[in-house]
Amino acid sequence: MAFPRRLFRPSNVVVLGLALVMMSRVAEVAARGKIYSLEPRRGLLQEAGVVDVTSFGAKANDPLFDNAQAFIEAWNAACKGPGPAKLVIPPGSYITGAVVFQGPCTSSPVTVEVQGTILALPDPSVYTNGDWFTIEMVDGIVFKGGVFDAQGQNLWQYNDCKSNPDCQHLPVSIHLNKAQNVAIDGVTSLNSMGFHVAMTFSSNITATKLNLTAPGDSPNTDGIHISTTSSVNISDSFISTGDDCLGIIQGASDISVTGIQCGPGHGISIGSLGKYPNEQDVRGVHVKNCTLTGTTNGVRIKTFPGKLQLEASDIVFEDIVMNNVANPILIDQYYGFHQKLSASRVKVHDVHFRNIRGTSASLVAVSLACSSLFPCEGIELADIDLSYTGRKPLPISASCTNAKPTFSGKQNPPSCALI
């Protein structure tokens, strides 16, 4: 068979030679285990399974460009891959409005690696679903690093927040909703408009080395808010906010909290509970090796008076250090009411306060104000050692209402008597 003469023109021979060299190079790289693919939409050569947001139009350091759509498109590419995937947000500052990372995904796990700083558009009206970043219906995600600055300082209205309903509905910075098998590692959240991190209808979550920071007078900036979520492990994190460092709310179960530095803020709280219809029990909360500094409460359980009946049980607070903390140990079943108009129907039982020590900013260091309708049961106070930090060396006290706690080890303040 004769070949056409045009195949052997000098120019064609050069092209053919270059093609053979490229094929040889691809084979060599493949043999070393680094397969590359051509991304058809942008025409960029990138490592298979790694998605860079800049390949989808994200622009760093452009204060006028909203990167939300580029982030979402990059997520969709990573989510729908054939195997493990990584979404990379390179160094630089990126402005975004609302971003939704939605599953289900065919890739698993998906790693989101934030190397830069993400800044929120400081206009709450653009967050129509109530969140800045939403991770929803994803099974298997690792969220690593980065700084998320919601720029909430432009929105807070400290003086009239209690009378301003908008304060109750400011966007959550990072919201895990209907997510499973989630790891959050080394994330910094600054100046949240609302909660820093919220977990709802989710399970099997690990969060570690978080830095969640907002001024002490910023309204409703809870560090981590957990509800209708199970199997959560939070560790080795710094939380400084204008509300609860951790709020463990209705429907939370199997929650482990260790190594938290909390303050300023409102402390580490179970609840509030009993305010809304269809709330679920809280069970299995273990808070250990935490330090609270300058908070308005220490470790507490708070429930509303009302008609809703549920339980808070199997709760342990142990090895806790208090530094100038008001209300270090508190069960408040009349939360939100200065007068005890009606009894709470939330049953609090099997609660253990163990090895809690340090200093109290209030003269009543232990207050167990339980429901007259459902008195607290199974309350343990073991090895409590708290002293008052006021200018005068006054003795501190403990108060127990509708509770019969058991005592062991050191008791300072002295054991409270049943009232």
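Checking side-chain atoms of T221 against main-chain N and O of G194 turns up no donor-acceptor pair under 3.5 Å. Remark: the backbone N or O of L121 is paired with a side-chain donor or acceptor of Y127 at under 3.5 angstrom. Counting only distance, with no hydrogens or angles, the side chain of H266 and the backbone of G242 share a donor-acceptor pair below 3.5 Å. N412 places a side-chain N or O within donor-acceptor distance of the main-chain N or O of L386, the cut-off being under 3.5 Å. Of the possible donor and acceptor atoms, none in the side chain of D281 sits under 3.5 Å from a partner among the backbone N and O of L310. Without hydrogens or angle criteria, S253 side chain to V282 main chain gives no donor-acceptor distance under 3.5 Å. Side chain of Q69 to backbone of G57: no donor-acceptor contact under 3.5 angstrom is found. Not one N or O on the side chain of D222 forms a donor-acceptor pair closer than 3.5 Å with the backbone of I224. Formation of a donor-acceptor pair under 3.5 Å by the Q250 side chain with backbone atoms of Q280 is found in this model. A donor-acceptor pair under 3.5 Å is absent between the side-chain atoms of S372 and the main chain of A343, judged by distance alone.
The distance from atom CG of L87 to atom CZ of F143, rounded to the nearest 0.5 Å, is 8.5 Å. The distance from the SG atom of C290 to the CD1 atom of I268 is 4.5 Å, given to the nearest 0.5 Å. For the atom pair D244 CG and N297 CG, the distance stands at 8.0 Å (nearest 0.5 Å). Of the inter-residue distances, the one linking I260 atom CD1 with C245 atom SG reads 8.5 Å to the nearest 0.5 angstrom. In this structure, the separation between NZ on K410 and CD1 on I384 is 11.5 Å, given to the nearest 0.5 Å. To the nearest 0.5 Å, the span separating OG on S269 from CZ on R300 amounts to 3.5 Å.
Nearest heavy atom pair, residue A60 against residue G92, reads CB-CA, 4.2 Å. Annotation for I396 and A365: closest pair CD1-CB, 3.8 Å, computed over non-hydrogen atoms. Annotation for D52 and F56: closest pair O-CD1, 3.7 Å, computed over non-hydrogen atoms. The minimum heavy-atom distance linking M193 with G152 is given by the pair CG-CA, 4.0 Å. When every heavy atom of G97 is checked against every heavy atom of V126, the shortest pair comes out as CA-CG2, 4.5 Å. Scanning both residues, L308 and Y276, for their nearest heavy atoms gives CD2-O, 2.7 Å.
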Inset, instruction - Step by step, work out the side chain to side chain contact (heavy atoms under 4.5 Å, CB included) result for S189 and F195. - result: CA-CA 10 Å; S189 172; F195 302 156; over 6 Å; no

Inset, instruction - Tell me, with the steps shown, if I301 and V346 meet side chain to side chain contact (heavy atoms under 4.5 Å, CB included). - result: CA-CA 11 Å; I301 300 171; V346 179; over 6 Å; no

Legend entry - side chain to side chain contact (heavy atoms under 4.5 Å, CB included) evaluation trace for F148 with S192: CA-CA 9 Å; F148 293 76; S192 59; over 6 Å; no

Inset, instruction - Using the side chain to side chain contact (heavy atoms under 4.5 Å, CB included) rule, take V187 and I174 through it: C-alpha gap first, then chi angles, then the decisive distance, then the call. - result: CA-CA 10 Å; V187 170; I174 300 172; 4.0 Å; yes

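Other residues, nucleotides and ligands place more than 12 heavy atoms under 6.0 Å from the NZ atom of K80. Within 6.0 Å of atom NZ in K347, more than 12 heavy atoms from other residues, nucleotides or ligands are found, so the atom counts as buried in its surroundings.
N191 is not listed as a side-chain neighbour of Q151, based on a closest heavy-atom distance of 4.5 Å or more. At least one side-chain heavy atom of N177 sits under 4.5 Å from a side-chain heavy atom of F201. Inter-residue side-chain proximity for T111 and K144 is flagged as met; some heavy-atom pair is nearer than 4.5 Å. Side-chain contact check for L373 versus R345: some heavy-atom pair is nearer than 4.5 Å. Side-chain contact between E136 and H175: absent, with no pair of heavy atoms (C-beta onward) separated by less than 4.5 Å. Contact annotation: the side chain of N327 never approaches that of T296 to less than 4.5 Å [non-hydrogen atoms, C-beta and beyond]. For the pair I205/T229, a side-chain contact is recorded, criterion being any heavy-atom separation below 4.5 Å from C-beta on. Side-chain contact between V182 and I135 is absent, with no heavy atoms from C-beta onward closer than 4.5 Å.
A donor and an acceptor atom, one from each side chain of E380 and T406, are nowhere located under 3.5 Å apart. Looking at N204 and S231, their side chains never bring a donor and an acceptor atom within 3.5 Å of each other. In summary, the side chains of E311 and H349 do present a donor paired with an acceptor at a separation below 3.5 Å, with no hydrogens or angles considered. At a cut-off of 3.5 Å, with distance as the only test, a side-chain donor of S235 or T208 sits close to an acceptor on the other residue. A donor-acceptor pair shorter than 3.5 Å cannot be found between the side chains of D243 and T241. Side-chain contact, N355 with D319: a donor N or O sits under 3.5 Å from an acceptor N or O.
The side chain to side chain donor-acceptor pair (under 3.5 Å) with N324 is formed by just one residue from the set T293, T389, T295, T359; it is T389.
Note on ring orientation: taking the six-membered ring where Trp is involved, the planes of F101 and W75 are parallel (angle under 30°, cut-offs 30° and 60°).
SG distance check for C376 and C370: under 2.5 Å.
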